[in-house]
Trainee: 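Dropping a structure here in structure tokens format, bear with me for questions.
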2 protein chains.
Amino acid sequence: MKQRIYIADDEANIRFIISSFLKNEGYEVMDFENGDSLFDMFMKQPCDMVILDLMMQGTDGLSICMKLRERTNVPIIIVSARDSELDRITGITMGSDDYMVKPFSPVELVARVKALFRRVQMDQKSHQQEIYTYEDILINTAQRNVKIKDVPLVLTPTEFSLLTYLFQHSERAVSRAELLKNVWNFDFEADTRATDDIMKRLRKKLTLSDVLIESVWGFGFKLSKKETNENPK
Amino acid sequence: MKQRIYIADDEANIRFIISSFLKNEGYEVMDFENGDSLFDMFMKQPCDMVILDLMMQGTDGLSICMKLRERTNVPIIIVSARDSELDRITGITMGSDDYMVKPFSPVELVARVKALFRRVQMDQKSHQQEIYTYEDILINTAQRNVKIKDVPLVLTPTEFSLLTYLFQHSERAVSRAELLKNVWNFDFEADTRATDDIMKRLRKKLTLSDVLIESVWGFGFKLSKKETNENPK
DNA sequence: TTAAACTGGGGCAAAGTTGTGGCAGTTCTT
DNA sequence: AAGAACTGCCACAACTTTGCCCCAGTTTAA
């Protein structure tokens with residue numbers, strides 16, 4: 001899902017430069033020539049980040065920033081030609097997350113935008129649901145449950161981690177060493193067939209599903225789907 | 001609960017100035033003369049924010065920043081005498097949340113520290129409400145009371161916090177470590193079954209309700225509702 | 001073709017997890 | 001000051017998980 005950024009600045013060329021750089025990074029950008037129109041749009045359709053110039057026609061950026069803060073937690077970056085310590089401190093104190101002084105490097109702006117998104121991401125990460133599907137199996141890591149065709153499947157902790165790891169890398173085969181390292185946290189070379197054991201148990205529990213855990217001879221395992229009509233020998 | 005900030009800078013007077021200003025704002029501050037000792041301390045006892053100088057004896061600030069990022073989401077601010085665009089972009093890209101150039105105004109640093117805490121706060125508490133319901137239970141955090149089918153339920157402080165936390169995350173399973181961190185404020189890995197104890201008492205008090213605290217074997221707990229008619233085999 | 005290596009099923013025992021009742025130190029209330 | 005409430009810990013029993021062993025069947029390579 002693309003992240004959406006709203007920009008308000010009264011200089012068209014600045015809007016253009018910022019937009020280009022951000023779009024180039026894969027963000028969805030919409031720009032406004034004053035703060036009021038940005039605010040109206042935000043009320044209709046919120047976005048994931050706001051970049052505000054301070055000096056604009058109509059309501060000034062600082063007031064817009066405070067108005068936004070009253071009702072949302074959207075990350076806000078202020079960009080401004082005003083470069084006194086007081087201006088910076090006021091902007092940051094009044095609710096913006098960062099304050100950049102014009103003229104600024106578009107690359108640095110992009111870096112700060114990314115850092116701010118990263119911060120939000122990190123803070124919310126624990127509450128994020130991660131969902132993986134493959135054929136008729138659905139894994140919800142937040143709820144910590146697995147379903148085959150909507151029927152709950154009970155897994156032990158190791159089975160759960162292992163299956164999740166396979167789903168996270170469903171497009172390729174994974175080696176036993178890789179599994180031991182990432183699921184068991186064995187850093188060293190261990191001569192164990194623990195992976196095979198859990199696979200054995202997983203396979204048993206997956207008999208009702210169309211998902212198959214294939215062995216890759218001499219290497220490891222790989223997800224695949226059950227072929228009802230296997231090409232006959 | 002006071003927020004704890006760690007500072008690493010090799011100039012004693014800078015450490016002193018920053019510490020004074022931050023302590024003045026009510027933060028608990030600890031300072032280190034190099035990044036390695038800060039890192040060691042963090043591993044033993046995490047803090048809520050880190051302020052790093054780039055150029056120090058021993059490991060440089062950027063490496064410390066990256067090492068910290070590998071294992072935590074702690075907010076990081078870099079302060080540095082280096083003032084090229086590349087330096088700033090590198091610092092921000094490598095995991096820090098902000099980058100301030102020396103000499104800087106201590107007041108602005110304080111403002112940015114506050115803004116960063118505010119951001120974390122907003123991200124984590126954005127979904128905080130006053131009232132939570134799940135099945136036949138209603139929690140009013142403002143009045144600090146709980147009702148089962150309109151019948152008041154008396155809970156001890158810890159029981160109340162724990163149940164509230166479960167309700168705030170009713171859509172997912174929560175681990176014991178997470179509960180210890182967020183309800184007990186144990187920052188480190190502790191071998192305790194305190195969570196189980198409170199759960200035991202909570203469950204006893206919830207017998208009259210349709211709400212069930214399910215154990216997620218080998219992981220933690222999860223809210224669910226009592227199934228009166230379990231799907232018969 | 002044959003021997004060696006690999007895989008997967010059943011069973012087993014050690015280790016780990018969880019719920020329960022009891023208990024004691026601390027804090028709060030009366 | 002005495003009692004009540006709260007909370008973490010312990011011990012115990014029931015139960016679950018999991019790595020390993022053995023063994024038969026399969027695949028690979030010489």
Side-chain angles (χ1 to χ4, degrees), chain A residues 144-146 152-166 173-209 211-224 226 230 233, chain B residues 144-146 152-166 173-207 211-224 226:
Chain A
R144 221 155 204 280
N145 63 18
V146 180
L153 178 65
V154 179
L155 293 183
T156 68
T158 316
E159 287 165 4
F160 184 85
S161 309
L162 183 46
L163 191 64
T164 303
Y165 192 86
L166 283 182
V174 294
S175 72
R176 288 187 172 74
E178 182 183 347
L179 290 172
L180 285 173
K181 183 165 186 292
N182 295 299
V183 179
W184 274 262
N185 290 317
F186 280 5
D187 286 331
F188 47 91
E189 197 71 22
D191 178 26
T192 172
R193 288 190 52 205
T195 48
D196 301 75
D197 266 297
I198 302 298
M199 287 298 176
K200 167 171 62 181
R201 286 160 181 144
L202 262 181
R203 282 170 169 149
K204 200 166 210 168
K205 292 187 177 178
L206 295 189
T207 41
L208 292 178
S209 153
V211 175
L212 212 59
I213 301 177
E214 267 183 7
S215 297
V216 180
W217 214 91
F219 179 75
F221 305 90
K222 182 175 176 324
L223 281 187
S224 78
K226 216 167 276 180
E230 191 70 63
K233 176 53 145 332
Chain B
R144 233 186 145 68
N145 63 18
V146 181
L153 178 65
V154 179
L155 293 183
T156 69
T158 317
E159 285 165 6
F160 183 86
S161 307
L162 183 46
L163 191 63
T164 303
Y165 192 87
L166 284 182
V174 295
S175 71
R176 289 186 173 73
E178 182 183 343
L179 290 172
L180 286 174
K181 183 166 188 290
N182 295 301
V183 179
W184 275 261
N185 288 317
F186 280 6
D187 286 328
F188 45 89
E189 198 72 21
D191 179 26
T192 172
R193 286 186 56 199
T195 48
D196 301 75
D197 270 299
I198 303 298
M199 288 296 177
K200 162 173 71 179
R201 286 155 185 149
L202 262 180
R203 281 171 170 154
K204 205 164 208 167
K205 292 187 177 178
L206 295 188
T207 40
V211 176
L212 211 59
I213 301 177
E214 264 183 13
S215 297
V216 181
W217 214 94
F219 182 78
F221 305 91
K222 181 172 166 328
L223 279 188
S224 79
K226 219 166 274 180

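Letters A, B, ... are given to chains in the order of the sequence lines, protein chains preceding strands, and every chain is numbered from 1.
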Trainee: Are OP1 or OP2 of D:dG19 and a side-chain N or O of A:W184 less than 4.0 angstrom apart?
Mentor: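 Yes, within the criterion.
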Trainee: Of all nucleotides in DNA chain C with an atom under 4.0 Å from a non-hydrogen atom of chain B, which is the first and which the last going 5' to 3'?
Mentor: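 The footprint of chain B covers C:dG16 to C:dG22.
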Trainee: Shorter than 3.5 Å, N or O on both sides, protein versus nucleotides 9-11 of chain D: list them out with atom names.
Mentor:
unit_1 : atom_1 : unit_2 : atom_2 : d
D:dC9  : OP2    : B:T192 : OG1    : 2.4
D:dC9  : N4     : B:D197 : OD1    : 2.5
D:dC9  : N4     : B:D197 : OD2    : 3.3

Trainee: Table please: side-chain donor-acceptor pairs of residues 211-218 of chain A below 3.5 Å, with sequence neighbours left out.
Mentor:
unit_1 : atom_1 : unit_2 : atom_2 : d
A:E214 : OE2    : A:S224 : OG     : 3.3
A:S215 : OG     : A:R203 : NH2    : 2.9

Trainee: Just how large is the angle between the end axes of the helix from C:dT1-D:dA30 to C:dT30-D:dA1, five pairs per end, to 10 degrees?
Mentor: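 So the angle between the two local helix axes works out to 40°.
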Trainee: Here's a test for you: under side-chain contact (heavy atoms from CB on, under 4.5 Å), which of A:E178, A:K200, A:R176 qualifies with A:T195?
Mentor: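 One option only clears the test, and that one is A:R176.
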Trainee: Assign each of A:W217 and A:I198 to its nearest nucleotide of DNA chain D by heavy atoms, then name whichever residue's nucleotide is nearer the 5' end.
Mentor: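 Per heavy-atom nearest nucleotide, the more 5' residue is A:I198.
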Trainee: Roughly, in whole Å, what's the span from CD in B:E159 to P in D:dC6?
Mentor: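 Distance check: B:E159 CD to D:dC6 P gives 7 Å.
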Trainee: If I compare all heavy atoms of A:E159 with all of A:V154, which pair ends up nearest, and what's the gap?
Mentor: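 So the two residues come closest at OE1-O, 4.5 Å.
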Trainee: Please name all residues satisfying side-chain contact (heavy atoms from CB on, under 4.5 Å) with A:K181, sequence neighbours left out, ordered by chain then number.
Mentor: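 Counting only residues at least two positions away or on another chain, A:K181 forms no side-chain contact (heavy atoms from CB on, under 4.5 Å).
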Trainee: Just N and O in the side chain of A:T156: are any of them under 4.0 Å from OP1 or OP2 of D:dT18?
Mentor: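 For D:dT18, OP1/OP2 do have a side-chain N/O of A:T156 under 4.0 Å.
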Trainee: Starting at atom CG of A:L179, determine the distance to atom P of D:dG19, rounded to an integer number of angstrom.
Mentor: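 Answer to the nearest Å: 12 Å.
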Trainee: Under the side-chain hydrogen bond (donor to acceptor under 3.5 Å, both in side chains) rule, collect the residues that match up with A:R201, sequence neighbours excluded.
Mentor: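 Expected list: none.
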